[in-house]
Amino acid sequence: KKKKKRKKEKARMQCQLCSERFDLGRHCPRLLGCGHTFCTCCLGKLASAPSQARDDDKQARRAAVVCPTCRQPTRTADPYDVRALAKNFTLLDMLEMAPDEPPAAAAALSADSSVECDVCDEADKPHPATHRCLDCDEAFCSATAKVHTRSKISRLHNVVPLAELRANPRLAQVSVLCRDHNEPHKFFDETCHRPICHSCIVLDHVGHKCQTLEAAVQQAEQTVAALLERAQCRAAALQEAVQRVQAVQLRLTTNYEAAAQEIDAACKRVHTAVEQREKELLGDLDSKYKVRSFALREQSETLTTLHECVVRAAERANCQGPPAHVLQVCADLTTTLDALQHSQPSLTPLCGPQMELAWDQTLLMQHIVNVGLVRDCSDLAQECTAQGGGIALCPVTGRVTFIVTGPESDDIDWQPENLTVQAETADGQPVELFGLQIQREIQPQEPAKPHLLVQYSLPASLPLSGTVQLSVMMLGCHIRNSPFTVMCRPRRVGTTDVMAGDRVSRGPDWKWGNQDGDPPGLGTVLGFDDDDWARVKWDTGNEYQYRVGRDQKNDLLVVEESTHLDFAMVVQDCTVGGLGTRVWRSDSPVQFAVACRTKMATMLAEFLTVQAVDAAGTPVALVDVQVSKKTERQLLVSYCAPGTLPPDAVLQLSVTALNFHVRDSPFTVTPAKGRTGTTEALPGDRVKRGPDWEWDNQDGDPPGLGTVQGAGGTEGWMKVLWDNGNSNSYRVGADDKYDLIVVEVSAAGKMKKKFLLSGGKKKFLGFF
C-alpha cells in the first residue's frame with residue numbers, strides 16, 4: 001500500500017504526456033481551461049502540431065490549445081506561445097514541500113539498495129529486481145524481464161542487468177527510444193549531434209542535417225578507429241615523454257641531494273672556519289689583556305710602596321723628641337725624598353683600558369647572507385642561443401647545421417652529451433633525426449666563446465611542404481626560443497634553384513667558356529648582385545656573375561647544398577612592391593607582391609604574415625588577408641583595412657616570415673582615397689589629362705581615361721596606356737609639371753624592377 005501511495009504521489013508530480021517531473025523550467029506545470037495540467041514543453045508541441053479539427057471548427061480553434069485528455073480547447077492570444085497560460089501554483093507549492101527524489105535508475109546504482117520488481121510487487125512476496133528497463137525506467141525480476149524483452153511493444157527496449165548497471169553507471173544515459181516521443185531512434189541529427197526518431201524530424205528538428213543511424217554509426221566507427229590509431233601513437237609518444245620526464249625527475253632528485261650535501265658540507269666548513277677564527281681572536285685578546293694587566297698591576301704596587309714611604313716619613317717629621325732624634329728624622333726624610341726624586345716613577349697609567357675588535361661587521365654579514373647561489377638549469381639554458389639555417393629550414397634527406405652558444409660559466413659543462421636535440425611533427429609525432437652529430441668547438445672571434453656544432457638530416461618520409469618542431473635542450477631545459485619551427489623542403493641538388501653558399505657547376509645554358517676552369521670545375525655561390533645574377537667564386541680563383549633565371553636562362557647547376565643556409569637571409573633578401581605597401585583602403589582590398597631571390601615562394605606562402613599597427617603602436621586587425629603564389633619566385637598579397645579606422649590614419653605594415661622581416665619592412669601606409677583627384681599618380685591608377693596637359697588628343701577625342709603602366713624611363717615621368725590604344729609617357733613632377741589627374745586609385749600595383757643610373761651604370765635597387 002505504501003508503495004502504491006508513493007507511485008501515485010510520483011505520478012501527480014509528473015507530466016502525463018512526457019512523464020517528466022515538473023520543475024520551474026521547460027517542464028513548468030500550466031493549467032488549461034478544462035483544469036488539466038501539463039508541462040510547458042508538451043503544451044508547446046501540442047500548439048505547434050497541425051490541427052485535426054473539421055474545416056468549420058478550424059477557425060474557432062486557430063487560437064486555442066486542445067487538451068489531449070478531454071479535447072476541450074483553451075483560447076490563447078498566440079497559439080504558438082503557451083507561456084501565457086497560468087501556472088499551477090498549487091502543484092508548484094507541493095513540489096517545493098516534497099523532498100527531491102533521485103531517479104529510479106540512479107537509486108538502482110547503489111549497491112546497498114534493495115530494489116523490488118515494479119510489475120509483480122502486488123504479490124504476497126515481492127520478487128527482487130535483477131534488471132532495469134532504461135526506456136520504461138522500471139525494475140523487473142528475471143521472469144518479468146524475459147517477458148518484457150519478448151513483447152512486441154518492448155522488445156527494442158534497453159534492458160540492462162542491475163549488476164552491469166552498477167558497474168557502469170553511464171549505461172543509464174543510453175536509450176534506444178526517443179525520450180520525447182517513445183519511438184526508436186532511426187536517424188542522427190548532425191546539427192544537434194544526437195540520435196532522433198521520425199517524430200523528431202517532423203516536429204523538433206526541421207531543416208537540420210540528418211543521416212540514417214546506420215550511416216552515422218559506420219562513420220563514427222571509422223572516426224573511432226582513426227582516433228584509436230592516433231591515440232595509440234600518441235600513447236607511445238606520451239609513454240616516451242613520461243619516461244623522459246621520470247628520468248629528468250630522477251636526475252633532479254639526484255642533483256637535489258648532491259646540492260643539499262654540498263650546501264651542508266660548505267656551511268660546515270664555514271662554521272668550522274668561524275669557530276677557528278673565534279678561538280684565534282679570543283687567544284689574541286687574552287694575550288693582550290694579560291700583558292696590559294700585568295704592567296698595570298706592577299705600576300700600582302710600585303706607586304703604593306712609594307706612597308707608604310712618603311706617608312711614614314711625613315708622620316715621623318711631625319713627631320717631637322730630643323734634638324738627636326729630630327736630626328735623625330730630618331736625615332731620613334731627606335734620603336727618602338731624594339730617592340723618590342731620583343726614581344721618578346710614572347704617575348699616569350702605563351696603558352689604556354681600550355680593547356675592541358676591529359672588523360667591518362656589515363660587510364661580513366653581507367658576505368654571509370649572500371654567500372652561495374642555487375642556480376636553476378632552466379635559467380642557464382635561457383642564456384644559450386642557437387644560430388644557423390638548421391633551426392629554420394632543412395631539405396628532406398639533406399644535411400644542415402646550426403650552432404649553440406652561451407656564456408662562459410663554470411655552471412655549464414660544454415660537453416656534447418649535455419645538449420639534447422629532438423624533433424616532432426606538428427601533431428606531436430616523434431621524428432627520427434638521421435646522422436645527428438654534436439661537436440664542441442671554440443669560436444674564432446674575440447673573446448673566444450664555447451659553442452656546440454649540431455648537424456642533422458630529416459627522413460625522406462616527411463612531407464616536402466610540412467614543418468617539424470625542433471627542441472634544443474641544454475641540461476634537460478629548453479634554450480632560448482626553443483622549440484624552433486623548421487620548414488621541410490625538397491633537395492635542390494641537380495636543379496638550377498641556386499642559393500648562397502651552394503656548390504655549383506656549369507648549367508644547361510652555360511656560354512662563358514672556361515671561366516670555371518679546364519676541365520670544368522666547381523665553385524661557391526657568394527651572393528646575388530641582382531635578382532637574376534649570382535656571384536660565384538670558382539675553385540680556380542676566378543670570380544664572375546652568372547644568370548640564374550635572367551631571360552629564362554640558367555648558367556649554374558647545384559652540386560652540393562649549403563649546410564649553413566640561414567632562413568633569415570632568405571626572408572630578408574625578399575623585396576616587396578605594389579600599392580599595398582604605400583596606401584590602405586577599407587572599401588576594397590589593396591595588393592602588393594613579394595619577390596624571392598630563390599624558388600621558395602611555395603614555402604614562404606605558408607609562413608608569410610602581414611600585421612599592422614597605428615601611430616600609437618596599437619595593433620590593427622587587417623581584414624581578408626590572402627597570400628597566394630604567383631610564380632615560383634613571387635607571392636601576391638592582398639588585404640583590406642577595417643572600416644573602423646579613422647579616414648586619416650597612418651599605419652605601419654610589417655611583412656614577416658617566421659618572425660623575420662622582408663627587406664625595408666615595416667612600411668608606412670596612408671589612406672588610398674587621399675590621392676583621388678590629385679596629381680599623385682602611381683602604377684595601376686586610372687587617370688585623365690591634368691592641369692599642365694599639352695599633348696593634343698593623345699588621350700582621345702573627346703578626352704578619355706587611361707591606366708598608368710609604370711615609370712616612364714626617367715624620373716618624374718609615367719607611362720600611360722589610354723583606352724583608345726595610344727601609349728606614351730607623361731610628366732608627374734618633371735620640370736614641376738603635372739599632365740595627369742588620378743580618377744580612380746588602383747587596388748594593386750604591378751611589380752616593377754627599379755634601377756639607379758650612376759656613372760653610366762645601372763644598379764638594381766629592388767622592386768616597386
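Treat the numbers as computed from the prediction; the structure is a model and nothing was measured. All values below were derived from every heavy atom in this structure, side-chain atoms included, with hydrogens, water molecules and symmetry-related copies excluded.
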Practice item. Go through F140 and H148 one step at a time and tell me if the ring-ring contact (aromatic ring centres under 6.0 Å, His included) criterion holds. Key: CA-CA 9 Å; F140 302 130; H148 192 75; 4.6 Å; yes
Review point. Which distance, rounded to the nearest 0.5 Å, do you find between the CZ of R230 and the OG1 of T223?
Key: 11.0 Å
Exercise for review: With side chain to side chain contact (heavy atoms under 4.5 Å, CB included) as the test, would you mind laying out the steps for F402 and L470 before giving the verdict?
Suggested key: CA-CA 12 Å; F402 65 92; L470 193 72; 3.9 Å; yes
**Study point:** Q429, CD: over 12 other non-hydrogen atoms inside 6.0 angstrom
**Key:** yes
Review point. Does some side-chain heavy atom of L213 sit less than 4.5 Å from a side-chain heavy atom of P195?
Key: yes
Check your understanding: Backbone N or O of L250 within a donor-acceptor pair of the T254 side chain at under 3.5 Å?
Key -> yes
Practice item. Specify the closest pair of heavy atoms between R480 and F484, including all atoms of both residues, with the distance to one decimal. Key: O-CZ, 3.5 Å
Exercise for review: Kindly compute the distance separating CD (E214) from NZ (K186), expressed to the nearest 0.5 Å.
Suggested key: 7.5 Å
Exercise for review: To the nearest 0.5 Å, tell me how far L238 CG sits from Q243 CD.
Suggested key: 11.5 Å
Point to revise | Check: V610 and S654 side chains under 4.5 Å, non-hydrogen atoms | key: no
Point to revise | Distance in Å, K87 NZ paired with T37 OG1, rounded so as to fall on 0.5 Å steps | key: 13.5 Å
Exercise for review: Indicate yes or no: at least one non-hydrogen side-chain atom of Y639 is less than 4.5 angstrom from one of P589.
Suggested key: no
Point to revise | Inter-residue atom distance L433.CG - S457.OG, 0.5 Å rounding | key: 9.0 Å
Exercise for review: List the atom of L419, the atom of I438, and the distance in Å for their closest heavy-atom pair.
Suggested key: O-CD1, 3.6 Å
Check your understanding: Hey, are the side chains of V421 and M473 touching, using non-hydrogen atoms and a 4.5 Å cut-off?
Key -> no
**Study point:** Nearest atoms (heavy-atom pairs only) where C42 meets C15
**Key:** SG-SG, 3.8 Å
Practice item. Verify the neighbour count for atom CZ of F434: are there more than 12 heavy atoms of other residues, nucleotides or ligands below 6.0 Å? Key: yes
Practice item. Heavy atoms only: give me the nearest Q16-T69 pair and the separation to one decimal. Key: OE1-OG1, 4.2 Å
Exercise for review: Taking S482 for its side chain and V472 for its backbone only, find out whether a donor-acceptor pair lies under 3.5 Å.
Suggested key: yes
Exercise for review: Mind telling me whether F187 and H198 have parallel, tilted or perpendicular rings, with 30° and 60° as the class edges?
Suggested key: perpendicular
Check your understanding: Between R71 and V66, does a side chain to side chain contact (heavy atoms under 4.5 Å, CB included) hold up when you go through it step by step?
Key -> CA-CA 5 Å; R71 309 303 298 171; V66 179; 3.8 Å; yes
Review point. Which heavy atom in P483 sits nearest to a heavy atom in H478, and how many Å separate them?
Key: N-ND1, 4.1 Å
Exercise for review: Check step by step if side chain to side chain contact (heavy atoms under 4.5 Å, CB included) holds for Q211 and E190.
Suggested key: CA-CA 8 Å; Q211 60 177 338; E190 297 182 4; 2.9 Å; yes
Point to revise | Side-chain heavy atoms of M474 within contact of I479, under 4.5 Å | key: yes
Review point. Taking side chain as C-beta onward, heavy atoms only, is L32 less than 4.5 Å from L43?
Key: yes
Point to revise | Minimum side-chain heavy-atom gap L636-V627 below 4.5 Å | key: no
Exercise for review: Please answer whether the main-chain N or O of S142 pairs with a side-chain N or O of T130 as donor and acceptor at a distance below 3.5 Å.
Suggested key: yes
Check your understanding: With under 30° as parallel and over 60° as perpendicular, where do the rings of H36 and F38 fit, or are they tilted in between?
Key -> tilted
Point to revise | Test log, rule side chain to side chain contact (heavy atoms under 4.5 Å, CB included), inputs L31 and L85 | key: CA-CA 7 Å; L31 280 168; L85 296 173; over 6 Å; no
Revision key, fill the gap. Applying salt bridge (charged side-chain N to carboxylate O under 4.0 Å, His left out) to D624 and not counting sequence neighbours gives none
Exercise for review: Nearest 0.5 Å please: distance from the SG atom of C192 over to the NZ atom of K209.
Suggested key: 13.5 Å
Exercise for review: Could you pull out the closest heavy-atom pair between D189 and H205, with the gap in Å?
Suggested key: OD2-ND1, 2.6 Å
Exercise for review: Would you tell me whether R30 and T40 have side-chain atoms, one donor and one acceptor, within less than 3.5 Å of each other?
Suggested key: yes
Review point. Any side-chain donor paired with an acceptor under 3.5 Å for Q469 and T485?
Key: yes
Check your understanding: Hey, are the side chains of C67 and T74 touching, using non-hydrogen atoms and a 4.5 Å cut-off?
Key -> no
